[in-house]
Engineer: 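One structure, pasted below without further comment.
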Amino acid sequence: MNVVVDLNRCQGYAQCAFLAPQVFTMHGEESLLYTPVIAEDQDERVRRAAAACPVQAIVVGKEAGSGAR
Amino acid sequence: MAADTLFRRITDYAHRADPYPLYAELREAGVVRQEDGSYLVGTYHEIAALLHDPRISSDRRNRAVPDETAAGEQGVPPSFIGLDDPEHHRLRRLAMRSFGPPHTPGRIDAMEGEITRIVKDLIAGFEGKKRIDIVDDFAYPLPVTVICRLLGVPTEDEPRFRLWSDTIVAGFDPTPGEDPAERQRAGSEARKAMGLYLGELAEKRRNRPSDDMLSAFINNEGPDGRLTQLEIMTTAVLLLIAGHETTVNLITNGILTLLRHPDELDRLRSEPPLMPKAVEELLRYEPPVQMLPQRTPLADIEVLGVTIPKGAPLILMLASGNRDPQRFRDPDRFDPTREDNQHLGFGSGMHSCFGAPLARMETQLALTALIQHLDKPRLVEDPPPYRRSPVLRGPRHLLIEDDRAGA
């Protein structure tokens, strides 16, 4: 599964970094780092993280990221 | 009916089971001044803008007429929920050091196994009962057990702090027309008593830390320094109350809503991966925190053509914003697969819910396990009896019958 975060929307609420800490990490209080290609055992956590994003900045799925090629 | 009595009607216990028609009336009326001089805002975009507006204070000491809950020099100072930056930011960041990212990113994730076990034990406790009370048997004990473990508070003390917690919640009940002074005074006393209790627990862990937040509060020092003893007390009280009084309503409102929408319940039972989005929809559709009653403008501000004067009580009706048709399509429909669901269930902006990730995880795990366990659950009464508070709104009891409840 792939994940893309729209960093223009991200406001650093950090919900994803709580819910999928192996995929999303906070660098300081506001900048987000993330792994765009995720291992299968992280699927559920990433789905929770995407649903929880208060600004709906996370796109998840097989297709996520394909537009950036 | 006159718009200046809307708040009186919204807080009237008679409307607790279904305040939503009153919220529609509020949105229609725009920003409305109430008979007591407070102002209500119920439209999504205006609430969202005010939550991000630095001219809006969360500190009740900025009110033209401060009340007992604002606390004076002799009282206990506000916790960070009732403060503005920079104090709010300093205290919230210090509390966050031991709760979440960037310093403790794994704490909530690591609780999943334990929360799952607590849920399983509670469901096992249904054994032999044909009728269960979702509140007392499930939705109340779960978050209480979790917040106790997280903070490092003995669960056996629950009867003590339940009493304090009830009194504190009653103290900030903004229902007009009743003399609030006595309730507020009792609330302040209870806050002080709970603070002393938690401060003492933290003190016992000085230099003898266990893996909990009270230990971290008293032992860890960061670049911003550390929480003082008084700050540990006010912060721990805030977190214990918040963990104690809100998630119970989210879980209970969740079961109630699913029982009222049996097709959605069946769908979630067969497709558990839909649950995270369903919980977001619950936060929109039946939010456990219905309003933020403690904001105050620091200057005269204009909203929808109405000037709200500096120092006036400003009440933001989150649950009304969540049903605003200007923002959400078909807002009165419960749709667990709703896209573009930027609800106000956890507020927004710098005061957005500190415990949100924990509440989300608890509710997702609780609802998933419960609907898997139950077979054909039926509501015994609809609407159920509600708790008193118009702010932290939810059923006091939720009786259900199920052939498999205790199987």
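Convention: sequence-line order gives letters A, B, ...; per-chain numbering from 1.
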Engineer: For chain B, which candidate among A/Q11, A/H27, A/Q15 shows the most heavy-atom pairs at distances under 4.5 Å?
Structural biologist: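 It is A/Q15.
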Engineer: Below 4.5 Å, heavy-atom pairs only: which of A/E44, A/M26, A/Q56 has the largest tally toward chain B?
Structural biologist: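 If we count pairs closer than 4.5 Å to chain B, A/Q56 comes out on top.
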Engineer: Heavy-atom pairs under 4.5 Å with chain A are the metric here; pick the option from B/H343, B/R360, B/E280 that has the most.
Structural biologist: B/R360
Engineer: For the CD atom on B/E221, are there more than 12 heavy atoms of other groups (residues, nucleotides or ligands in this structure) within a distance under 6.0 Å?
Structural biologist: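 Correct, the count exceeds 12.
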Engineer: Can you tell me which of B/L283, B/D109, B/N341 forms the most heavy-atom pairs within a distance under 4.5 Å of chain A?
Structural biologist: B/D109
Engineer: Answer yes or no: does atom NE2 of B/H52 have more than 12 heavy-atom neighbours from other residues, nucleotides or ligands under 6.0 Å?
Structural biologist: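 Check passes, neighbour count above 12.
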Engineer: Which atoms of A/F24 come close to chain B, meaning under 4.5 Å heavy atom to heavy atom: side chain ones, backbone ones, both, or neither?
Structural biologist: neither
Engineer: Quick one, B/H89 with A/E29, criterion side-chain contact (heavy atoms from CB on, under 4.5 Å). Give me CA distance, side-chain angles, the key distance, then yes/no.
Structural biologist: CA-CA 11 Å; B/H89 185 64; A/E29 273 179 60; 3.1 Å; yes
Engineer: Contact part of B/S348 toward chain A, heavy-atom cut-off under 4.5 Å: side chain, backbone, both or neither?
Structural biologist: both
Engineer: Can you confirm whether B/I81 is buried at CD1, in the sense that more than 12 heavy atoms of other residues, nucleotides or ligands lie under 6.0 Å from that atom?
Structural biologist: no
Engineer: Please rank A/C53, A/A52, A/A20, A/A17 by heavy-atom pairs under 4.5 Å with chain B and give me the top one.
Structural biologist: A/A52
Engineer: Other residues, nucleotides and ligands only: do more than 12 of their heavy atoms fall within 6.0 Å of CG on B/D266?
Structural biologist: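 Above 12, so yes.
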Engineer: State whether the number of non-hydrogen atoms from other residues, nucleotides or ligands found under 6.0 Å of B/Q326 atom CD is greater than 12.
Structural biologist: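 Check fails, neighbour count at 12 or below.
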Engineer: Quick one, A/P54 and B/F346 - any side-chain contact, counting heavy atoms below 4.5 Å?
Structural biologist: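 Side-chain contact under 4.5 Å: no.
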Engineer: Using heavy-atom distances under 4.5 Å, tell me whether B/F99 contacts chain A through its side chain, its backbone, both, or neither.
Structural biologist: both
Engineer: Contact part of A/Q22 toward chain B, heavy-atom cut-off under 4.5 Å: side chain, backbone, both or neither?
Structural biologist: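 When you check distances to chain B, no heavy atom of A/Q22 falls under 4.5 Å.
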Engineer: Name the residue from B/L358, B/T104, B/I108 that meets the side-chain contact (heavy atoms from CB on, under 4.5 Å) definition with A/F18.
Structural biologist: B/I108
Engineer: Identify the heavy atoms of A/P21 and B/G106 that sit nearest to each other, and give their distance.
Structural biologist: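 Taking every non-hydrogen atom into account, CG-CA, 4.4 Å.
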Engineer: Which atoms of B/R107 come close to chain A, meaning under 4.5 Å heavy atom to heavy atom: side chain ones, backbone ones, both, or neither?
Structural biologist: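 For B/R107, neither part sits under 4.5 Å from chain A.
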Engineer: Relative to chain A, which of B/M275, B/E112, B/M361 shows the most heavy atom pairs under 4.5 Å?
Structural biologist: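 Of the options given, most contacts go to B/E112.
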Engineer: Do you know the tightest heavy-atom contact between A/R48 and B/P276?
Structural biologist: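 Residues A/R48 and B/P276, closest heavy atoms: CG-CG, 3.8 Å.
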Engineer: For B/M96, is it the side chain, the backbone, both, or neither that has a heavy atom closer than 4.5 Å to a heavy atom of chain A?
Structural biologist: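 For B/M96, side-chain heavy atoms alone lie under 4.5 Å from chain A.
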